[in-house]
Protein chains: 2
Amino acid sequence: MTDEVPRILTVQRAAHSLATPAQRGEAEAWADSPVALPFGPFDPGEHRTLELGLHNWVEQQTGLDLGYVEQLYTFGDRHRDPREQAGGPRLVSVGYLALVRQVPLSGAGEAEWHNWYDFFPWEDWREGRPAIVDQAIRPNLQTWIAQIADADERQTYQERLSIAFGTEAAPWDFERVLERYELLYEAGMIGEALRDAQIRAALSGRPVPQTDSETLETAERLGTPMALDNRRVLATALGRIRGKLKYRPVVFDLLAPTFTLLQLQRVVEALGGVRLHKQNFRRLVVSGGLVEPTGQRDSQSRGRPAELFRFRREVLSERPASGVGLPAARIIG
Amino acid sequence: MTDEVPRILTVQRAAHSLATPAQRGEAEAWADSPVALPFGPFDPGEHRTLELGLHNWVEQQTGLDLGYVEQLYTFGDRHRDPREQAGGPRLVSVGYLALVRQVPLSGAGEAEWHNWYDFFPWEDWREGRPAIVDQAIRPNLQTWIAQIADADERQTYQERLSIAFGTEAAPWDFERVLERYELLYEAGMIGEALRDAQIRAALSGRPVPQTDSETLETAERLGTPMALDNRRVLATALGRIRGKLKYRPVVFDLLAPTFTLLQLQRVVEALGGVRLHKQNFRRLVVSGGLVEPTGQRDSQSRGRPAELFRFRREVLSERPASGVGLPAARIIG
DNA sequence: TTATTTATACTCATATTGAGTATATTTATA
DNA sequence: TATAAATATACTCAATATGAGTATAAATAA
């Protein structure tokens, strides 16, 4: 986090990221994005555990010392890389989510920080409901679903649309990041979907599908594409972290040891993608025993100086589920 | 589920379950338990996705058609199998959690249903706080922690004990199944820990540690051991499913299409390991819109016949988080 | 006919939550 | 120096959710 922007660490796409690096060529219109999540091979000979391997590799590539680390998901489907052939070798990736304070980067990986919402513009509701949701996402998805021939399948997608993007009655569920991304991919609305379709067509000798400029433009407004299925991995991570906020005090790994309550709130808001009610947030976090005052005050602010707080580790053993919840209704709009 | 008992599917430990099947011998006192979770190899040539591979293999081994399936965790640490050598090949397992209605089994795997709590006797609080917690678990863990030489390390373990098993002030958190299991393993209190220590000693040529009869007896009271780290996997699954209950309607996959509210409650209680307040459970589930009445009544009961309900799928698109929560305080006891 | 069992409805005190008003303490500016 | 603006913090209040009951209904068993 910097300046209320949640950031992710990326590396320049390296050669060894491709399972089958040879095949390219025709499909250059949506050529692979150079931006990728940090990743590397796991060497069972060298590393006792997956997590140790991760720590080591990230340290070497970025100079970062990881604090909180949690296994996210294991991705092993063939469609991850459109170049993989049936019967060929398979790239299986075990994804991890780590939270670190933003620090200068070093190491071998050409690592960079990126605004998380550059990849998911529709997930940031802090300035209100993003215009793109009603301008492009909903109508386009609705049109796409309407042209599905099979009635059962159409019904299933209609339900998925309601669950993922909400309805008149039901609110937007901020945790369903992956569901939203997957619908957009399946509907061919985002860059990776267009790119993968082209690659697959080129590899199988079929004519490469031409994409009309409107579709292209929408795809561009739907965020920066990433290598392979990395944006899908990232969607999984955002959904997971949002879910976790509610019942585990994970945010504190993104903050300095002492912080003002507003700083804490800004981090929660940035990850959740929503604005929260300040006074109630304070009440939740203070009387909930998540933080304790240090007696010191912050000097840097404009108005009345805020007190500095620290995380109360004891809360872990006091309350079964201690987090800073983001129920749909607690949002200020 | 049958008769208020949550059951898991096991297979007889097959030869191919061992990464290095040759090495055995000395350590027969705690020989490998024959009971294992269903598992099998993943063939990337044959299966497009990990989940399809899973479906296929389970179908073939047990005759079961899996409904709800969710990826659990990927286990790839060396200590999973005490026989694995540094530098040797590594067994990496992607665990999945699937919920099915109990049906007769067939297939090649000698599959059987087992009471889940046979493996975790301390997790079932439906008849009150299990005696073993205060008789054996707490005092033994406390003694074990007390003899840790390093003060920092001792402090860390003390905190883990509080978080996992609760304190006077803090309640037992029913989701922390894995944390509890791991402490018991590390303290050498359960069968697998004793077995693995013996195997490791035998393989490295050290004298095989003798276990006194009291330790052995406690280990036996702490449930049935499983092959490799399978009980750890199972602990992960129980924790996951308990957490999921709260905010996703997963239980319905374990029930017939129509059911009485008591049947529903019993399933939730069995998984959660707690008793719930009947009237409040009804209120939660009915006015929460999770179920709807069918108009039909159940004939099989003793007292007043109960109405049959069905799951309201629409709730998925209506409420962000729809589940049948089990907060610590809602427990009857 | 009565006891027992189970289901369902309703009550009520308490806790939690959402939303707001009021006040305090600072810096910036007229 | 006085006042405005910004920020922090305290407090109120209605609405809702939750925990723990009591009351009543509808069946079977004795």
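Values below: all heavy atoms of this structure, side chains included; hydrogens, waters and symmetry mates excluded. We name chains A, B, ... by the order of the sequence lines, and we start the count at 1 in each one.
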Asker: Can you tell me how the ring of B:Trp125 sits relative to the ring of B:Trp172, calling it parallel under 30°, perpendicular over 60° and tilted otherwise?
Answerer: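 The arrangement is tilted - the two ring planes meet at 30° to 60°.
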Asker: Between B:Arg101 and B:Leu255 (side chain of the first, backbone of the second, donor and acceptor by atom type, cut-off under 3.5 Å), is there such a pair?
Answerer: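 Such a contact is found between B:Arg101 side chain and B:Leu255 backbone.
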Asker: Please determine, by modelled atom types, if A:Glu70 and A:Tyr68 share a side-chain donor-acceptor pair under 3.5 angstrom.
Answerer: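 Yes, because at least one side-chain N or O of A:Glu70 sits under 3.5 Å from a partner of the opposite role on A:Tyr68.
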Asker: Report the C-alpha separation of A:Asp173 and A:Ile163 in whole Å, then their side-chain angles, then the decisive distance to 0.1 Å, and conclude whether the side chain to side chain contact (heavy atoms under 4.5 Å, CB included) test is met.
Answerer: CA-CA 8 Å; A:Asp173 183 346; A:Ile163 294 173; over 6 Å; no
Asker: If pairs are Watson-Crick or G-U with both distances under 3.5 Å, what is the dot-bracket string of DNA chain C, marking crossing pairs with [ ] and pairs to another strand with |?
Answerer: ||||||||||||||||||||||||||||||
Asker: If I take atom CD in residue B:Glu307 and atom P in nucleotide D:dA25, what distance separates them, rounded to the nearest angstrom?
Answerer: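 In whole Å, D:dA25 P and B:Glu307 CD are 17 Å from each other.
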Asker: Between D:dT18 atom C1' and B:Lys246 atom NZ, what is the distance in whole Å?
Answerer: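 Rounding to the nearest Å, NZ of B:Lys246 and C1' of D:dT18 are 15 Å apart.
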Asker: Each nucleotide N or O in nucleotides 14-16 of chain D that has a protein N or O under 3.5 Å away: list the pair and distance.
Answerer:
none

Asker: Using whole Å, what does the distance between atom P of nucleotide D:dC11 and atom CZ of A:Arg283 come to?
Answerer: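 From A:Arg283 CZ to D:dC11 P: 13 Å.
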Asker: Take the protein atom CD of A:Gln263 and the nucleotide atom P of D:dT7, then report the distance between them rounded to whole Å.
Answerer: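 For the pair A:Gln263 CD and D:dT7 P, the rounded distance is 13 Å.
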Asker: Between P on C:dA19 and CZ on A:Arg282, what's the gap in Å once rounded to a whole number?
Answerer: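 About 19 Å, once rounded to whole Å.
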Asker: Which heavy atom in B:Glu269 sits nearest to a heavy atom in B:Arg126, and how many Å separate them?
Answerer: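 So the two residues come closest at O-CD, 3.5 Å.
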Asker: Can you check the B:Phe281 CZ to C:dA9 P distance for me, whole Å?
Answerer: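 The answer, rounded to whole Å, is 15 Å.
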Asker: Could you check A:Leu97 against A:Val69 for side chain to side chain contact (heavy atoms under 4.5 Å, CB included), going step by step and ending with a plain yes or no?
Answerer: CA-CA 6 Å; A:Leu97 167 67; A:Val69 166; over 6 Å; no
Asker: Is the phosphate of C:dA7 approached by B:Lys278 (side-chain N or O, under 4.0 Å from OP1 or OP2)?
Answerer: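 True: B:Lys278 side-chain N/O within range (under 4.0 Å) of C:dA7 OP1/OP2.
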Asker: Inspect the surroundings of CZ in B:Arg129 and state if more than 12 heavy atoms from other residues, nucleotides or ligands are less than 6.0 Å away.
Answerer: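 Counting other residues, nucleotides and ligands, CZ of B:Arg129 exceeds 12 neighbours.
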Asker: Apply side chain to side chain contact (heavy atoms under 4.5 Å, CB included) to residues A:Thr260 and A:Phe309 and explain how you reach the verdict.
Answerer: CA-CA 6 Å; A:Thr260 69; A:Phe309 287 76; 6.0 Å; no
Asker: Just checking A:Phe252 against A:Phe259, ring centres under 6.0 Å apart?
Answerer: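 Centroid distance A:Phe252-A:Phe259: below 6.0 Å, so yes.
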Asker: Nearest-Å distance, CG (A:Leu264) to P (D:dT9)?
Answerer: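 Going from A:Leu264 (CG) to D:dT9 (P), I get 12 Å.
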Asker: So B:Glu175 and B:Arg242, salt bridge (charged side-chain N to carboxylate O under 4.0 Å, His left out) or not? Walk me through it.
Answerer: CA-CA 6 Å; B:Glu175 288 179 40; B:Arg242 283 181 172 180; over 6 Å; no
Asker: N/O contacts under 3.5 Å, protein versus nucleotides 24-30 of chain C?
Answerer:
| unit_1 | atom_1 | unit_2 | atom_2 | d |
| --- | --- | --- | --- | --- |
| C:dA24 | N3 | A:Arg304 | NH1 | 3.1 |
| C:dT25 | O2 | A:Arg304 | N | 3.4 |
| C:dT27 | O4' | A:Arg302 | O | 2.8 |

Asker: So, does the side chain of B:Gln279 form a donor-acceptor pair with the base of D:dT22 at under 3.5 Å?
Answerer: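 Side chain to base: pair present.
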Asker: Separation of A:Asn280 atom CG from D:dT9 atom P, in whole Å?
Answerer: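 After rounding, the gap between these two atoms is 15 Å.
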Asker: Could you go through B:Gln265 and B:Lys278, starting from their C-alpha distance and side-chain angles, then the distance that decides it, and tell me whether this counts as side chain to side chain contact (heavy atoms under 4.5 Å, CB included)?
Answerer: CA-CA 8 Å; B:Gln265 184 177 341; B:Lys278 192 176 177 180; 3.5 Å; yes
